[in-house]
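The shown structure was predicted, so the numbers you read here are calculated from the model rather than taken from an experiment.
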Amino acid sequence: MARRHSFRAHPARVAGALLVDDEVASAIGGAPSSAAAPAPVVRVETVETNTLSGPITVPVRRSLGDTGIATHPLALGGSTFGWTLGPEAAFDVLDRFAGTGGDLIDTADSYAAGRSESIIGSWMASRRSRDRMHVMTKVGRHADHPGLAPAELRAAVDDSLMRLRTDRIDVLFFHGDDPAVPLEESLGAVGALVAEGKVRSIGASDFPPERLIEARVLAANGLPRFEVLTTAYNLMQRRPFEGATELVAHAQGLAVLPYFALANGFLGGQVRRRSDVRRDIRGDRVARHLGRRGHRVLAALDEIAFAHGVQPATVALAWLLGKPTVAAPVASATEPEQVEALLAAASVELHRSEIVELDRASS
């Protein structure tokens with residue numbers, strides 16, 4: 001029988017912690033337990049200084065494809081900023097993230113109609129932390145600048161730069177494909193922005209494999225190339241990514257940043273019965289996973305999490321980090337106390353047999 005358990009994050013360590021994703025930052029809770037497995041051995045490095053403290057030890061940073069950017073292998077999602085979190089609460093989360101070694105922030109011009117970017121920009125300005133942070137944003141879905149036509153794309157980037165209070169975007173994503181606009185026109189427009197120093201590198205969000213291939217062909221002819229791909233991917237949602245998209249991402253050397261990493265909170269293990277489901281859109285998404293396969297996955301997570309002394313959600317994210325194309329899942333927190341737990345996934349190394357068990361349970 002699978003073991004049911006919960007653990008508390010330790011301030012001085014990153015193992016044994018609770019993880020959250022963009023959809024369910026506050027949906028997973030835990031109480032302290034007297035049982036704890038030894039912390040796994042992981043590769044670490046020392047950050048001599050960061051935004052809020054002196055030297056700290058963090059997991060070894062990973063490269064984001066060929067962007068030239070190396071970051072902590074978890075990105076802080078900003079979809080809740082300006083929506084469920086106001087500026088003060090968001091500042092508290094960002095302070096803890098930066099103070100504990102996090103350095104990669106993900107947002108979009110459409111998150112809370114731009115308020116997410118504005119909050120992040122105000123925080124970086126007030127903390128003078130821009131040079132310590134890597135900022136990713138997406139364009140193409142803001143009501144003022146929809147789509148990826150060159151004029152809309154340039155206007156969207158200029159507005160994002162203004163809200164973020166910065167002169168550059170480290171990774172600019174095309175927020176979904178725009179079949180109405182020839183891809184070479186969009187890439188040509190962003191190429192000009194790269195030449196001007198406004199954009200450092202580019203990525204694709206939810207692009208089909210055939211468009212990724214088309215983009216690489218265009219890049220061979222001198223246009224900018226996608227270096228990063230963000231897509232929905234988790235133990236309960238494997239098929240849309242695994243297969244052609246994963247093969248293309250691997251062949252092109254794309255750094256993959258999965259979102260919905262906890263399947264809208266289901267992989268946190270707090271919802272086991274229909275009676276546990278919240279009566280809202282988010283609850284409806286979680287309810288879709290209740291069934292034989294879902295319970296099989298939760299049982300496997302329970303057993304592996306107990307062996308490592310961590311939460312099931314931690315194992316779910318560690319499974320993602322074990323995939324060769326995955327550079328950093330995108331996760332968010334609604335409270336500062338959750339941030340150490342969010343970063344903990346990078347310090348859990350699963351055994352090969354555990355990865356196989358999770359693969360089998362979720363197949």
Just by distance, do the side chain of [X] and the backbone of [Y] share a donor-acceptor pair under 3.5 Å?
| X | Y | value |
| --- | --- | --- |
| R130 | L164 | no |
| R293 | M236 | yes |
| S363 | R360 | yes |
| Q252 | L212 | yes |
| H351 | S353 | no |
| S110 | A143 | no |

- Message: Test side-chain contact (heavy atoms from CB on, under 4.5 Å) on L358 and I304; report intermediate values, then the result.
- Response: CA-CA 9 Å; L358 289 171; I304 297 170; 3.6 Å; yes

Do you know the tightest heavy-atom contact between [X] and [Y]?
| X | Y | answer |
| --- | --- | --- |
| S362 | R238 | OG-NH1, 2.6 Å |
| G191 | P224 | CA-CG, 3.3 Å |
| L153 | S186 | CD1-O, 3.9 Å |
| F91 | S126 | CE2-OG, 3.6 Å |
| L317 | A261 | CD2-CB, 3.2 Å |
| T137 | D109 | OG1-N, 3.6 Å |

- Query: Parallel, tilted or perpendicular: which describes the rings of Y111 and H175, with under 30° parallel and over 60° perpendicular?
  - Reply: perpendicular

- Query: Can you say whether the rings of H289 and F266 are parallel (under 30°), tilted (30 to 60°) or perpendicular (over 60°)?
  - Reply: tilted

- Message: ring pair (Phe, Tyr, Trp, His ring centres under 6.0 Å) for H134 and H72? Distances and angles first, verdict last.
- Response: CA-CA 10 Å; H134 302 291; H72 187 284; over 10 Å; no

[X] vs [Y] side-chain heavy atoms within contact, under 4.5 Å:
| X | Y | value |
| --- | --- | --- |
| R216 | I213 | no |
| L218 | E214 | yes |
| R61 | D103 | yes |
| L104 | L64 | yes |
| F241 | V256 | yes |
| H295 | L290 | yes |
| V326 | P258 | yes |
| P329 | L74 | yes |

- Query: Could you walk me through whether K138 and D206 pass the salt bridge (charged side-chain N to carboxylate O under 4.0 Å, His left out) check?
  - Reply: CA-CA 11 Å; K138 311 174 193 72; D206 291 323; over 6 Å; no

- Message: Apply salt bridge (charged side-chain N to carboxylate O under 4.0 Å, His left out) to residues D359 and R352 and explain how you reach the verdict.
- Response: CA-CA 11 Å; D359 287 344; R352 175 61 184 167; 5.1 Å; no

Out of curiosity, [X] [atom1] to [Y] [atom2], how far, rounded to the nearest 0.5 Å?
| X | Y | atom1 | atom2 | value |
| --- | --- | --- | --- | --- |
| L247 | T325 | CG | OG1 | 10.0 Å |
| E117 | T166 | CD | OG1 | 11.0 Å |
| L76 | D106 | CG | CG | 9.0 Å |
| E210 | T245 | CD | OG1 | 8.0 Å |
| T67 | R200 | OG1 | CZ | 6.5 Å |
| E227 | L254 | CD | CG | 7.5 Å |

Does the side chain of [X] pick up a donor-acceptor pair with the side chain of [Y] at under 3.5 Å?
| X | Y | value |
| --- | --- | --- |
| S116 | T107 | yes |
| D159 | H145 | yes |
| N234 | W319 | no |

- Could R211 and D178 be called an ion pair, given the rule that one side-chain N must be under 4.0 Å from one carboxylate O? no

- Query: Could R168 and D131 be called an ion pair, given the rule that one side-chain N must be under 4.0 Å from one carboxylate O?
  - Reply: yes

- Query: When you look at NE2 of H250, are more than 12 heavy atoms from neighbouring residues, nucleotides or ligands closer to it than 6.0 Å?
  - Reply: no

- Task: Please test M136 against L257 for side-chain contact (heavy atoms from CB on, under 4.5 Å), starting from the C-alpha separation and ending with a verdict.
- Result: CA-CA 11 Å; M136 306 183 296; L257 308 181; 3.5 Å; yes

- With side-chain contact (heavy atoms from CB on, under 4.5 Å) as the test, would you mind laying out the steps for R225 and L187 before giving the verdict? CA-CA 8 Å; R225 58 180 283 181; L187 290 173; over 6 Å; no

- Hphob cluster co-occupancy, I355 + V310, side-chain heavy atoms under 4.5 angstrom: yes

- Query: Between L223 and L229, is there a shared hydrophobic cluster once you connect ILVMFWY residues whose side-chain heavy atoms come closer than 4.5 Å?
  - Reply: yes

- Message: Could you walk me through whether H308 and E354 satisfy the side-chain contact (heavy atoms from CB on, under 4.5 Å) test, starting with their C-alpha distance in whole Å, then the side-chain angles of each, then the deciding distance to 0.1 Å, before giving a yes or no?
- Response: CA-CA 11 Å; H308 285 268; E354 295 169 335; 2.8 Å; yes

